[in-house]
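These notes are about the structure you will find just below.
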Amino acid sequence: MIGAPLSVEQAEATARVLKALADPVRIRLMSLIAAHAEGQACVYDLSEAFDLSQPTVSHHLKVLFNAGLVMRHKEGAWVYYRINPQALEEAAATVTANRPSATHFAAPAVGTRQVSLVGDSVERVLQRGVDELSFQFAGSFGRELVDSYVHESYQTLYRCSHVKTHLPVLAMRFAGERLKALAQSTGRIAKPVPEVLFVCTQNAGRSQLAAALLALWGKGRVHARSAGSAPGESINPAVIALMTERGLDLEQEFPKPLTDDVVRAADVVVTMGCGDTCPVYPGKRYLDWDLPDPDQQPIEVVREVADLIEHRVRQLLADLGID
């Protein structure tokens with residue numbers, strides 16, 4: 001069946017994808033990423049496997065990232081890249097004029113695992129996520145548990161967000177973070193460094209700032225997570241701009257709901273105006289930072305809030321024996 005005519009934005013997005021794929025070097029880079037351990041690789045890994053310098057590989061990865069073909073995230077000092085399967089599917093569907101309804105969803109049934117969809121493209125992405133996470137957590141969790149986490153994470157994000165375009169991919173990341181937290185809290189995997197959880201209302205400003213600054217100044221000796229008691233639609237643009245000024249990239253972050261597993265995995269839980277929604281467990285340190293909400297504030301105000309958070313983050317690191 002022939003799809004509806006493309007909008008200007010859809011045509012431009014597809015053109016960016018096809019232009020990025022027009023270079024055989026980038027196609028080979030994507031195949032190397034997909035074949036690498038856990039389906040992700042850093043520039044060093046790729047330049048070792050490729051007869052190219054690291055700056056050249058970084059340039060090609062930036063083109064792929066800007067086209068939406070790869071996703072990236074930081075682990076310590078390294079940036080890791082992973083294929084974005086949804087972008088490939090959408091481009092292929094557009095070119096063949098048989099576009100699946102990937103962004104037209106029926107509302108999921110609350111409280112059930114099965115997601116109701118028009119078309120099966122989202123379910124295919126979620127199943128690939130189940131495959132990847134089942135492999136990643138083999139020996140810790142069975143496929144059935146991983147499957148339930150992936151679909152539950154998708155439904156949770158669906159109810160929290162009006163933006164559905166990249167929801168399956170975000171659900172895979174969210175489920176992976178939750179499974180790691182669950183594995184840590186149940187002793188299935190070790191916690192090499194202290195875990196700190198920052199919680200605010202929307203997870204769009206204060207908690208994102210605190211997690212980014214803790215990761216910056218902790219220098220790999222502490223791990224930060226963040227969540228929201230009532231997650232917003234997206235991260236405050238002024239927060240993203242401010243962190244960019246300080247050399248930190250929040251473009252790949254997104255507001256996440258507060259879940260029990262991440263609280264259980266935390267050694268320190270820092271709340272910022274989210275009320276009594278955070279569950280309390282024995283053996284954990286709880287702090288409440290009374291800080292102004294930067295929502296809808298100019299960047300000058302956001303900068304002041306960030307300075308307050310940075311001062312408290314440095315004090316927290318000192319209390320943890322991390323200088």
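Numbering of residues begins at 1 and proceeds along the displayed sequence. Hydrogens, waters and symmetry mates play no part in the numbers below; they use all other heavy atoms, side chains included.
Checking side-chain atoms of Gln208 against main-chain N and O of Asn203 turns up a donor-acceptor pair under 3.5 Å. Distance alone, capped at 3.5 Å, places no donor-acceptor pair between the Arg264 side chain and the Asp261 backbone. Between the side chain of Thr271 and the main chain of Leu287, a donor-acceptor pair closer than 3.5 Å is present. Proximity of a side-chain donor or acceptor of Asp290 to a complementary backbone N or O of Met272 within less than 3.5 Å is not detected.
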inquiry  = Run Gln40 and Ile83 through side chain to side chain contact (heavy atoms under 4.5 Å, CB included) and show every step you take.
reply    = CA-CA 8 Å; Gln40 63 180 20; Ile83 301 300; over 6 Å; no
query = For Leu29 and Leu46, what are the C-alpha separation, side-chain angles and deciding distance, and is it a side chain to side chain contact (heavy atoms under 4.5 Å, CB included)?
reply = CA-CA 7 Å; Leu29 277 174; Leu46 296 169; 4.1 Å; yes
Salt bridge (charged side-chain N to carboxylate O under 4.0 Å, His left out) assessment of Asp267 paired with Arg285 = CA-CA 6 Å; Asp267 299 298; Arg285 180 182 179 188; over 6 Å; no
Test side chain to side chain contact (heavy atoms under 4.5 Å, CB included) applied to Val239 and Val305, step by step = CA-CA 10 Å; Val239 169; Val305 175; over 6 Å; no
query = For Leu291 and Arg312, what are the C-alpha separation, side-chain angles and deciding distance, and is it a side chain to side chain contact (heavy atoms under 4.5 Å, CB included)?
reply = CA-CA 10 Å; Leu291 297 164; Arg312 299 201 182 202; 4.0 Å; yes
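Side-chain contact between Leu170 and Tyr154 is absent, with no heavy atoms from C-beta onward closer than 4.5 Å. Residues Phe254 and Leu157 form a side-chain contact, since some pair of their non-hydrogen atoms from C-beta on lies under 4.5 Å apart. Inter-residue side-chain proximity for Leu197 and Val268 is flagged as unmet; no heavy-atom pair is nearer than 4.5 Å. No side-chain heavy atom of Arg26 sits under 4.5 Å from any side-chain heavy atom of Leu21. Leu179 is listed as a side-chain neighbour of Val146, based on a closest heavy-atom distance under 4.5 Å. Residues Ser134 and Asp131 are not in side-chain contact: their nearest non-hydrogen atoms beyond the backbone lie 4.5 Å or more apart. Between Leu145 and Phe137 there is no side-chain heavy-atom pair separated by less than 4.5 Å. Put simply, the side chain of Trp289 reaches to within 4.5 Å of the side chain of Phe198, judged on heavy atoms.
Distance check: Leu214 CG to Ile309 CD1 gives 11.5 Å after rounding to the nearest 0.5 Å. Atoms OG and CD, from Ser207 and Gln202 in turn, are 9.5 Å apart once rounded to the nearest 0.5 Å. To the nearest 0.5 Å, the span separating OG on Ser140 from CG on Leu133 amounts to 12.0 Å. Of the inter-residue distances, the one linking Glu300 atom CD with Glu304 atom CD reads 8.5 Å to the nearest 0.5 angstrom. Rounding to the nearest 0.5 angstrom, the gap separating the NE2 atom in His151 from the OH atom in Tyr158 is 14.5 Å. Here the straight-line distance linking atom CD1 of Ile33 with atom SG of Cys42 works out to 10.0 Å at 0.5 Å rounding.
Pro255 and Pro231 make their closest contact through CB-CB, 4.1 Å (heavy atoms, listed as atom of the first residue, atom of the second, distance). The shortest heavy-atom contact between Ala171 and Leu126 is CB-CD2, 4.4 Å. The minimum heavy-atom distance between Arg206 and Pro292, with the atom names listed, is CD-O, 3.3 Å. Pairing each heavy atom of His223 with each of Val193, the nearest pair is N-CG2, 3.7 Å. Val270 and Leu316 make their closest contact through CG2-CD2, 4.3 Å (heavy atoms, listed as atom of the first residue, atom of the second, distance). Counting all heavy atoms, side chain and backbone alike, Arg178 lies closest to Ser153 at NH1-OG, 3.1 Å.
Cation-pi contact between Arg82 and Tyr80: absent, since separation from the ring centre below 6.0 Å together with deviation from the ring axis within 45° is not met. A cation-pi arrangement is absent between Lys284 and Tyr286, since the terminal nitrogen or guanidinium carbon is not both under 6.0 Å from the aromatic centre and inside a 45° cone about the axis. Cation-pi geometry between Arg314 and Trp217 is met: the NZ or CZ atom falls under 6.0 Å from the ring centre, inside 45° of the normal.
A donor and an acceptor atom, one from each side chain of Asp319 and Gln315, are located under 3.5 Å apart. Between the side chains of Gln136 and Glu132, no donor-acceptor pair is found at a separation under 3.5 Å.
When hydrophobic clusters are built by joining Ile, Leu, Val, Met, Phe, Trp and Tyr residues whose side-chain heavy atoms come closer than 4.5 Å, directly or via intermediates, Leu32 is grouped together with Tyr81. Note on Val263: it does not cluster hydrophobically with Ile189, by side-chain heavy-atom contacts below 4.5 Å among ILVMFWY residues. A continuous path of hydrophobic side-chain contacts links Leu248 to Val222 [ILVMFWY only; heavy atoms under 4.5 Å].
Salt-bridge annotation for Glu310 and Arg246: present, with a side-chain N of the basic residue lying under 4.0 Å from a carboxylate O of the acidic one. A salt bridge does not link Arg225 with Glu177: every distance from a Lys NZ or Arg NE/NH1/NH2 to an Asp or Glu carboxylate oxygen is 4.0 Å or more.
Evaluated for a side-chain contact (heavy atoms from CB on, under 4.5 Å) with Val302, the options Asp295, Leu242, Asp307 yield exactly one hit, Leu242.
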Please report, to 0.1 Å, the donor-acceptor pairs under 3.5 Å made by any side chain of residues 61-72, with sequence neighbours excluded.
unit_1: Asn66; atom_1: ND2; unit_2: Lys62; atom_2: O; d: 3.3
unit_1: Arg72; atom_1: NH2; unit_2: Asp249; atom_2: OD2; d: 3.0

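By the neighbour-count criterion of 12 heavy atoms within 6.0 Å, atom NE2 of His311 is sparsely surrounded, having that number or fewer from other residues, nucleotides or ligands.
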